[in-house]
Amino acid sequence: MVLCPVIRKLLHKRVVLASASPRRQEILRQAGLRFEVVPSRFKEMLPKALFPSPPAYAVETAKQKALEVARRMHQKDLRAPDVVIGADTIVAVGGLILEKPVDKQDAYSMLSRLSGKEHSVFTGVAIVHCCSRDGRLDTDVSEFYEETRVRFSELSEDLLWEYIDSGEPMDKAGGYGIQALGGMLVEQVHGDFLNVVGFPLNRFCKKLAELYYPSGREDPRPAQSHQGRGGRDEDGGERTQAAGPEEAVSSRTGHSPPPFPTGLLELVDSFKASKALFTACKLKVFDLLKDGAPLKAVDVAGKLGASACGTGRLLDTCVALGFLQKTDRGYSNTETANLHLTSDGAYSLRGLVLHHSDHPWDLSARPESAGRDGVDPHDGALGERTGPPCQASCTHSEETRLGLLRAMHSLAKLTARHVATAFDLSRFSSACDLGGCTGALAHALAREYPRLRVTVFDLPEVLQHVAGFQPDGPRTEQVSFLPGDFFEDSLPEADLYVVSRILRDWPDGKVHELLSRVARACKPGGGLLLVDVAAGPEAEAEAEGLRRRAGGERSAAVYAHLLRRLGFADVRAAGAGVRPLALLGTRGAP
Ligand SMILES: Cc1cn([C@H]2C[C@H](O)[C@@H](COP(=O)(O)OP(=O)(O)OP(=O)(O)O)O2)c(=O)[nH]c1=O
């Protein structure tokens with residue numbers, strides 16, 4: 001997600017981060033920026049004595065790092081990127097500049113110099129806008145620095161050496177990493193924490209705002225007068241002071257045009273990111289780049305039997321999306337790709353990606369007729385919603401079906417413990433997980449509650465594949481599997497019914513039907529645990545029935561309202577991991 005409007009300005013540009021620092025990559029990626037990584041080859045050896053102050057040195061180094069990359073890319077491709085970002089972090093204490101230690105002894109002398117004292121961390125940043133004209137590279141450099149003051153505790157010799165032996169100091173300015181073990185050495189921080197870690201995100205956004213919205217407004221498009229201040233237009237060129245045609249019209253008519261629909265246009269474009277992901281997964285790019293040495297685009301193309309040019313573009317897009325990294329040696333997987341996008345990653349979601357790639361979202365099926373017929377678009381008029389992907393998998397090949405089950409299993413594993421502990425469920429002695437698939441949540445419940453017996457109730461065609469997903473270890477005997485259809489067959493008896501991650505894929509009528517069946521089966525005092533609902537205001541529930549969000553989920557308030565109508569009292573919500581919320585309702589007397 002991109003919160004900062006000015007970061008959005010860079011989304012349609014080719015942005016390069018001229019840095020090998022994993023911290024910088026992570027900070028910018030988490031801010032929603034899309035970029036390629038091309039580490040700079042600039043040797044950080046500028047003569048420090050020539051600079052009036054430590055930050056001046058950091059800024060110049062940052063600039064040289066970025067310019068080196070811009071020039072190299074221009075020479076190689078004859079097309080420079082639109083923007084190159086360079087940064088340099090240094091520690092300054094008593095007028096001395098400390099960079100990365102060259103060896104353990106150097107780390108020792110740096111850290112003992114910092115012990116018990118305050119020092120400054122400066123990060124210099126250069127934003128280089130590039131433009132190739134007639135084979136020539138033009139650059140326009142904007143630069144700034146940020147200072148953060150950090151105070152260390154007194155460090156004992158033992159602590160110092162133990163820290164140095166951890167290996168952490170070696171690739172970090174001043175010989176410490178505040179974001180990891182080094183945080184233990186720090187007593188106080190004044191200023192931007194991320195600046196110490198290697199990139200002052202806040203100042204960076206302010207600088208971009210200065211460059212892209214020079215008159216202080218967020219979006220330069222609405223025609224209010226730019227009082228004689230130039231700036232950078234959408235394409236990074238200098239904006240002139242003359243009014244554009246739009247502004248001329250609006251000053252004639254006295255009407256301002258509406259704000260530029262940046263969000264809408266981003267949405268129009270965003271399918272490209274999904275397409276790239278679908279294609280890369282289909283071609284098994286991430287399997288190819290799994291453990292081995294990095295590969296060049298032509299080698300990947302050769303192995304895939306695809307064109308070198310198209311493969312290069314696909315790989316660069318994956319770099320921008322954060323799934324691949326690119327160095328001089330070639331492309332390799334990021335941690336995210338290894339975990340989630342390889343066929344056998346520990347939390348592989350590749351099956352889910354392929355499922356979505358092969359089954360375009362039903363909502364696009366017959367929208368026009370739904371509009372004409374006045375049919376409720378949430379009740380299947382826009383094409384059949386076929387329920388959770390793992391239940392809809394009968395049309396899949398064996399390989400795809402297993403991949404999909406694996407993805408469902410990965411997703412469930414990621415949140416199972418959070419879900420199991422979101423509420424105290426120790427009062428229940430039996431539970432039934434409806435559509436519980438491979439049993440990942442059932443096993444987490446069993447691990448948390450030693451007297452709880454959990455039945456996973458799912459379609460026979462799903463359960464025939466779950467044997468390979470069963471864990472070893474204690475309490476596994478508390479979990480059993482029962483084949484059945486929760487719309488057709490009687491629900492197994494249980495004190496607690498669990499409905500996790502399945503409702504979003506059903507239309508409203510089916511959701512009503514299933515939850516009504518659960519309400520009828522549930523004994524007074526029994527519970528219903530509902531997982532994967534979005535947060536949302538209570539008022540919505542009253543007003544809009546079971547309305548769905550764009551992603552298919554309905555809000556917790558909406559479900560709570562429905563559960564109360566079905567006879568559940570004391571409906572409570574709790575967080576259940578990073579995203580989903582869980583609801584627990586207790587069945588009142590009929
Ligand atoms: C002080 C401090 C520095 N650092 C890191 C940030 C930088 O990556 C590094 C300083 O070295 P830099 O030369 O700024 O950066 P780098 O060599 O890692 O990457 P590149 O030159 O390719 O851009 O120290 C921390 O991670 N934590 C800290 O607390």
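Counting starts at 1 for both ligands and their atoms, following the listed order.
- From Phe204, atom CZ reaches atom CG of Asp192 across 13.0 Å, with rounding to the nearest 0.5 Å.
- At least one donor-acceptor pair under 3.5 Å links the side chain of Lys117 to the backbone N or O of Arg113.
- Annotation: atom 2 (C) of ligand 1 to nearest protein heavy atom, Val196 O, 3.1 Å.
- For atom 29 (O) of ligand 1, the nearest protein heavy atom (residue, atom name, distance) is Ile178 N, 2.7 Å.
- Using a distance-only test at 3.5 Å, with no hydrogens or angles considered, a donor-acceptor pair links the side chain of Thr317 to the main chain of Arg313.
- Ranking the protein heavy atoms by distance from atom 21 (O) of ligand 1 puts Lys65 NZ, 2.6 Å first.
- Counting protein heavy atoms only, atom 18 (O) of ligand 1 is closest to Ser21 CB, 3.5 Å.
- Phe469 and His409 have tilted rings, their planes meeting at an angle from 30° to 60° on a 0 to 90° scale.
- No N or O atom of Val121 sits closer than 3.5 Å to an N or O atom of ligand 1.
- At least one side-chain heavy atom of Arg41 sits under 4.5 Å from a side-chain heavy atom of Asp328.
- Nearest non-hydrogen protein atom to atom 27 (N) of ligand 1 is Gln179 OE1, 2.9 Å.
- For the pair Val91 and ligand 1, the shortest N or O to N or O distance does not fall below 3.5 Å.
- Atoms of ligand 1 found under 4.0 Å from any heavy atom of Gly177 (numbered from 1 in listed order, with element): 27 (N), 28 (C), 29 (O).
- By the side-chain contact (heavy atoms from CB on, under 4.5 Å) test, Lys65 is found to be paired with Arg24, Ser40, Phe42, Glu44, Thr61, Asp88, residues two or more places apart in sequence or in another chain being considered.
- Residue contacts with ligand 1 for Asp171 involve N, CA, C or O but no side-chain atom from C-beta outward (heavy atoms, distance under 4.0 Å).
- Not a single heavy atom of Gly182 lies less than 4.0 angstrom from ligand 1.
- Of all protein heavy atoms, the one closest to atom 6 (C) of ligand 1 is Val197 O, 3.3 Å.
- A salt bridge links Glu99 with Lys48; the closest basic N to acidic carboxylate O contact falls under 4.0 Å.
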* Is there a side-chain contact (heavy atoms from CB on, under 4.5 Å) between Tyr163 and Leu155 once you walk through the steps? -> CA-CA 10 Å; Tyr163 181 55; Leu155 311 178; over 6 Å; no
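- No side-chain donor-acceptor contact under 3.5 Å links Lys284 to the backbone of Ser343.
- Protein heavy atom in closest approach to atom 24 (O) of ligand 1: Ala173 N, 3.0 Å.
- Nearest to atom 15 (O) of ligand 1 by heavy-atom distance, out of Arg23, Lys100, Arg24, Met170, is Arg24.
- Heavy atoms of Ala20 found under 4.0 angstrom from ligand 1 belong to the backbone as well as the side chain.
- Short contacts between ligand 1 and Asp88, defined as distances under 4.0 Å to a heavy atom of the residue, involve ligand atoms 12 (P), 13 (O), 14 (O).
- Residues Phe144 and Val59 fail the side-chain proximity criterion, which asks for heavy atoms closer than 4.5 Å.
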